[in-house]
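Read through the structure below, which is laid out as structure tokens, and then see the notes.
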Amino acid sequence: MKYDVIVVGSGAISSSISYELASRKYSICRVGSLDRSNAASNAAGAMNGCFGEVTTGLIASQHGKLKVSMDFNAKKRWPQWAKRLADSSGNHQSLFTAQGTHVILNTAGTDEIDTDNFHAIEDVLTTYNEPYETVAPKQITWLKPNELVRPLMSLYIPDEHAVNSHLLLDVLDSAFVAEGGTIIAKNAKRVLSKDKIITGVELEDGETILADKVIIAAGVHSLDILADMPDITKRIPPLFSGNGISILLKLPEGMELPSSVIRTPNRAFACGLHCVPRNDGILYIGATNILKNNPRTQAAVSDVQFLLECAVEQLHTDLYYSEIVSIQVGNRPISADGFPLIGECGIDGLWLVTGTYRDGLHQSPLLADYIANAIYGESNADIDLSDFTPIRAPLAGLSRDVVAKETTSQMLGMGYECLWDIKPNWEPVIQEGLLHRYESLVNSLHPHFTPPPEVIAFSHYDDKIKKRLLEYYDVWS
């Protein structure tokens, strides 16, 4: 059978695009394993976080501001999106698990990172005329942190919620099938083309599926499917894995769930410490993000220990008595310049949607509508994402003279979040050493192109990351 469109992937973005196209009465085949155990979507806290994710670094560039605009656009779509999914699937269980978001500024981080990002959140909320209120930390009655890391300030964003990511993926599957879509629970090996026109995909077992259009939205694995097309992939920013873990906790008897998301500002290359209520006494906690050249399938002891200690110390000391229900491993797709890869790429009918980092699940309703319109030549009047076309020279985020300093600040912030105990005279020594290390690395990569801080920080420890950056930069030099 030949389909109108094949969508490769089984996460929130691919599933949303598939559903949107099927609801428009196109014949759609979604290809991808339903074992999502190490996918970003499955391990996500699924915060509908538009403003809670804002940082000074994000809003320092035109492209970063475009990402904020994408998040805001997506946030407005979620109520109607949830209703559509419920109507199509017949499952009317609420996807939403939290009412609003509390952002806390505590003493576990640094003034340079946490305080500045906290005020950046306020500034952007004001710019978008979005409702929020400043609240005293004691008004967040669920919080019970260690006094050494107590919150100093907090704000409440009433229109930022969270969804149950596991339920969302199940509902997307059901809604897609109900709209006439076909799911083939096998991974794609490669795309097929003839005379530079897409003809379909080949699955890992050798089976061939035909279509005139193929959308690859397989997260961090997306470019692997194009590995036999080096003329295309060498011009696309390489993808790295933002490896992170999250933990589901069953709270002690008598301890209630918080009603809202509670989170810190983004810090230390990650999305801040956060907890999200699920149901039946289950609390989601997350915070970690370690950039890797390849995805990981197992959690590191260091990450588990770090996350649990942060949750107990910064959120609620009684979490010490919780039971671990599961440890989830996720791999976020991070592009070499830190920005998404969205659009047609190199062959007629081949589309790529990945590189969304921490925003993919939240942006999925927007991306579904945007891609469905784009591939059939319909208008996307409310937002233009052409800057994120996959085949591109590196986009600029932080300026070159700032990025090494920011990387250094974030690394020092990791130390403070771990409550390190060093003598005052050691911090400037460590800071100077790190700054020199990162400036040398930046200058060794390219005279003009500059990767984002998390790529700089972790490429220092991984020559494979550095090698892929050099190869990509060489193409556009």
Side-chain angles (χ1 to χ4, degrees), residues 9-16 32-49 52-53 95-98 161-173 187 217-222 239-250 261-264 266 268-280 282-308 310-311 315 319 322-334 354-364 367 454 458:
S10 56
I13 293 177
S14 56
S15 299
S16 297
S33 170
L34 296 181
D35 177 10
R36 297 158 164 145
S37 54
N38 299 303
S41 298
N42 196 61
M47 296 177 286
N48 289 145
E53 289 287 311
L95 293 174
F96 300 101
T97 66
H161 312 299
V163 300
N164 184 324
S165 58
H166 296 173
L167 178 60
L168 172 65
L169 293 171
D170 288 343
V171 170
L172 279 166
D173 289 347
N187 289 328
V220 72
H221 299 286
S222 294
L239 286 174
F240 305 110
S241 171
N243 178 248
I245 67 160
S246 55
I247 301 177
L248 299 181
L249 298 176
K250 181 175 177 56
V261 173
I262 302 176
R263 63 168 300 159
T264 68
N266 284 1
F269 312 116
C271 45
L273 174 65
H274 55 277
C275 68
V276 181
R278 286 286 175 93
N279 51 41
D280 298 331
I282 302 299
L283 183 71
Y284 173 106
I285 59 172
T288 64
N289 181 61
I290 307 295
L291 189 136
K292 304 287 187 182
N293 186 52
N294 295 308
R296 298 298 178 94
T297 59
Q298 304 295 329
V301 170
S302 58
D303 291 342
V304 174
Q305 181 181 15
F306 170 76
L307 179 54
L308 289 174
C310 286
L315 297 175
L319 290 177
S322 299
E323 298 177 3
I324 296 175
V325 176
S326 66
I327 298 173
Q328 305 178 127
V329 179
N331 293 278
R332 310 172 185 93
I334 305 175
T354 186
T356 47
Y357 203 173
R358 293 187 293 262
D359 302 316
L361 188 146
H362 173 67
Q363 292 177 354
S364 55
L367 293 173
E454 47 269 85
F458 296 105

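Residues take their numbers from the sequence shown, with the count starting at 1. Computed over heavy atoms, backbone and side chain alike; hydrogens, waters and symmetry mates excluded.
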Please identify each residue that fulfils side-chain contact (heavy atoms from CB on, under 4.5 Å) with [X], with sequence neighbours left out.
X: A217; result: I13, S14, V353
X: S16; result: W81, L172, S364, A368
X: D173; result: S15, R30, L34, R36, I183
X: A270; result: N289

Residue pair [X] / [Y], side-chain heavy-atom distance below 4.5 Å:
X: L307; Y: L273; value: yes
X: N48; Y: V163; value: yes
X: N331; Y: T297; value: no
X: L169; Y: S41; value: yes
X: L167; Y: T97; value: no
X: L283; Y: R278; value: no

Applying side-chain hydrogen bond (donor to acceptor under 3.5 Å, both in side chains), can you list everything that pairs with [X], at least two apart in sequence or on another chain?
X: N164; value: none
X: T354; value: none
X: S33; value: none
X: Q298; value: none

Rounded to the nearest 0.5 Å, what separates atom [atom1] in [X] from atom [atom2] in [Y]?
X: L168; Y: F96; atom1: CG; atom2: CZ; result: 9.5 Å
X: L315; Y: R263; atom1: CG; atom2: CZ; result: 12.0 Å
X: N294; Y: H221; atom1: CG; atom2: NE2; result: 9.5 Å

Between [X] and [Y], which heavy-atom pair has the shortest distance, and what is it?
X: Q363; Y: T356; answer: OE1-CG2, 4.0 Å
X: Q328; Y: L248; answer: OE1-CD1, 4.0 Å
X: G52; Y: N266; answer: O-OD1, 4.2 Å
X: P333; Y: V220; answer: CB-N, 3.7 Å
X: I245; Y: T288; answer: N-OG1, 2.8 Å
X: C271; Y: R332; answer: SG-NH2, 4.1 Å

Check your understanding: Excluding sequence neighbours, so at least two apart, what forms salt bridge (Lys or Arg N to Asp or Glu O under 4.0 Å) with R358?
Key ->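 E53.
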Point to revise | Residue list, salt bridge (Lys or Arg N to Asp or Glu O under 4.0 Å) with R296, at least two apart or on another chain | key: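 R296 satisfies salt bridge (Lys or Arg N to Asp or Glu O under 4.0 Å) with no residue once adjacent residues are dropped.
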Review point. Between the side chains of S241 and N243, does any donor sit under 3.5 Å from an acceptor?
Key: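 N243 and S241 do not have a side-chain donor-acceptor pair below 3.5 Å.
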**Study point:** Validation row, ring centre F269 to ring centre F458 under 6.0 Å
**Key:**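 That pair passes the under 6.0 Å test.
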Check your understanding: By ring-ring contact (aromatic ring centres under 6.0 Å, His included), which residues pair with Y357, not counting sequence neighbours?
Key ->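 Per chain and number, Y357 pairs via ring-ring contact (aromatic ring centres under 6.0 Å, His included) with no residue.
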**Study point:** Partner set under ring-ring contact (aromatic ring centres under 6.0 Å, His included) for H274, not counting sequence neighbours
**Key:**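 For H274 the ring-ring contact (aromatic ring centres under 6.0 Å, His included) partners, ignoring immediate neighbours, are Y284.
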Practice item. Apply side-chain contact (heavy atoms from CB on, under 4.5 Å) to L249 and I324, showing your working. Key: CA-CA 5 Å; L249 298 176; I324 296 175; 3.9 Å; yes
Review point. Does any N or O in the side chain of S165 come within less than 3.5 Å of the main-chain N or O of A46, such that one atom is a donor and the other an acceptor?
Key: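 Such a contact is absent between S165 side chain and A46 backbone.
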